[in-house]
Amino acid sequence: MPRPIEARIDLAALRHNYLVAKRHAGAARAWAVVKANAYGHGLLRAAAALGEVADGFALLDLDEAIILREAGIRQPILLLEGFFAAADLEICATYGLSVVIHRLEQLQMLRHAALKVPLPIYLKLDSGMHRLGFSCEQIPAARRELTALATAVAPAPVTLMTHFAEADAVGGECCINWQLERFARMLADWPEATSLPISVANSAAILRYPQTAYAWVRPGIMLYGGSPFADQEAASLDLKPVMTLRSRILAVQEIGVGERVGYGGTFVAQRPTRVGVVACGYADGYPRHAPSGTPILVAGEQTQTLGRVSMDMLACDLTDLPGTGVGSPVVLWGQGLPADAVAAAAQTISYELFCALARRVPVVEI
Ligand SMILES: *Cc1c(COP(=O)(O)O)cnc(C)c1O
């Protein structure tokens, strides 16, 4: 019998969450963001679940884009960091990929590649996050390159994009407006830009600022049932958990007052304590930095972790759950225990929990 740990992936929940994004986005089309192996849920699994509903798929790796095409995905596929070398361009053309362009050299590579059909371009402007994209000063050069490209090949379909740094923040619209204003200012000297489609919204913006749902939106975390907000639960946003990480109790220890649990003895029993040992550790993707007190479900009841997370095991408090014992089912996160709650206790975000799911954890689709 294998170790009792498994990740259940609820494909209907994934579809449901995509449709929630679409509902918020009105007439906009929605890239299903499936980077990082669909946030740890499995690229092909996510594509199979969304293949009939998604308007397009956005990811990072050329190899992943090819996998989707070879699996029969016909919708547009967007490379969120574009291509990395000129040699990638023929492949992008062969597989019909759309590319983010965030620096001038990429436009020059496109011109030199002289593809028969120009690739659809997402021109990324840096409106203040200072990660990827053209600055205001670089826009004239980008326009010249676009014109040169149109002359050398043919006009490429161009969408303008930018990315919000704090659409999830509690400060309200000002958290996005400063970037939208910069975005508009960057385009002020480019009259033709007003007719170009725009894509700016991530999950947080889609949910809180539907006015940012221009031609295309880019939902990621919400597809997987995570809330992008620290102050709002996923369920209240009508999002359903997709990944449920489950395991079982594999041993029980009864310890007295003053006894300590786990490496470093960081948990000290203040009362006679029944300790449940769960078959799940950081090598399964559970965050090692989750402290004592992180929520966990045992036999459907919420309790808390005790002591440090080990590589293959963690401990939890069964003292107040007398009906539980070896073999009792455990939910680390997912159905019945939002990943966001576990992430908050571990001072991270559900994105990181999902992405960290280890390969050794068997996945079951439901
Ligand atoms: C990852 C990513 C998204 C999705 O963000 P979420 O917060 O997960 O919705 C959108 N756009 C870009 C450019 C991204 O890299």
Side-chain angles (χ1 to χ4, degrees), residues 14 17-25 28-41 43 46 50 54-62 64-65 76-84 97-103 106 120-134 159-169 175-176 179-180 183 197-210 212-232 234 237-239 241-243 339-340 343 348-356:
L14 183 56
N17 295 338
Y18 180 83
L19 294 174
V20 172
K22 288 282 288 186
R23 207 167 65 218
H24 281 267
R29 284 184 284 172
W31 294 107
V33 179
V34 292
K35 64 190 179 189
N37 195 30
Y39 290 47
H41 293 68
L43 175 65
L50 296 175
D55 299 317
F57 292 90
L59 42 65
L60 296 177
D61 258 318
L62 198 51
E64 291 188 330
I77 296 178
L78 176 63
L79 295 177
L80 286 169
E81 293 176 351
F83 48 92
F84 297 90
L97 307 181
S98 306
V99 291
V100 167
I101 298 288
H102 58 86
R103 58 191 183 98
Q106 290 176 311
I121 288 174
Y122 268 57
L123 197 72
K124 187 158 189 179
L125 307 189
D126 176 11
S127 58
M129 182 148 178
H130 300 322
R131 204 174 56 174
L132 291 186
F134 292 92
T159 302
L160 298 169
M161 90 183 261
T162 196
H163 194 59
F164 292 123
E166 43 182 20
D168 59 320
C175 299
I176 56 158
Q179 277 188 271
L180 289 175
F183 187 74
I198 292 175
S199 173
V200 297
N202 56 2
S203 297
I206 293 165
L207 289 164
R208 235 168 229 181
Y209 312 108
T212 63
Y214 300 116
W216 282 85
V217 295
R218 307 189 302 268
I221 192 65
M222 68 179 296
L223 301 181
Y224 309 101
S227 168
F229 309 114
D231 61 342
Q232 202 171 357
L237 299 164
D238 191 25
L239 299 175
V242 178
M243 178 193 295
D340 297 308
T348 183
I349 50 177
S350 59
Y351 299 68
E352 191 181 14
L353 300 188
F354 297 150
C355 292

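Below, all heavy atoms of this structure are taken into account, side chains as well, without hydrogens, waters or symmetry copies. In this chain, numbering begins with 1 at the start of the sequence shown. Ligands are counted one by one from 1 in listed order, and the atoms in each one are counted from 1 as well.
- Between the Ser127 side chain and the Phe183 main chain, no donor and acceptor come within less than 3.5 Å of each other.
- Residues Ile198 and Thr159 fail the side-chain proximity criterion, which asks for heavy atoms closer than 4.5 Å.
- Side-chain contact between Asn202 and Pro228 is absent, with no heavy atoms from C-beta onward closer than 4.5 Å.
- Judged by distance alone, the side chains of Arg218 and His163 do bring a donor and an acceptor atom under 3.5 Å apart.
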Expected rows: ligand 1 N/O, protein N/O, dist below 3.5 Å:
{"residue": "ligand 1", "atom": "7 (O)", "partner": "Tyr351", "partner atom": "OH", "Å": "2.6"}
{"residue": "ligand 1", "atom": "8 (O)", "partner": "Tyr39", "partner atom": "OH", "Å": "2.5"}
{"residue": "ligand 1", "atom": "8 (O)", "partner": "Ile221", "partner atom": "N", "Å": "2.8"}
{"residue": "ligand 1", "atom": "9 (O)", "partner": "Ser203", "partner atom": "N", "Å": "2.8"}
{"residue": "ligand 1", "atom": "9 (O)", "partner": "Ser203", "partner atom": "OG", "Å": "2.5"}
{"residue": "ligand 1", "atom": "9 (O)", "partner": "Gly220", "partner atom": "N", "Å": "2.9"}
{"residue": "ligand 1", "atom": "11 (N)", "partner": "Arg218", "partner atom": "NE", "Å": "2.8"}
{"residue": "ligand 1", "atom": "15 (O)", "partner": "Lys35", "partner atom": "NZ", "Å": "2.6"}

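- Between Ile101 and Val99, the closest side-chain pair of non-hydrogen atoms falls below 4.5 Å.
- A perpendicular orientation is assigned to the rings of Trp31 and Tyr122, their planes being inclined by more than 60° (bins at 30° and 60°).
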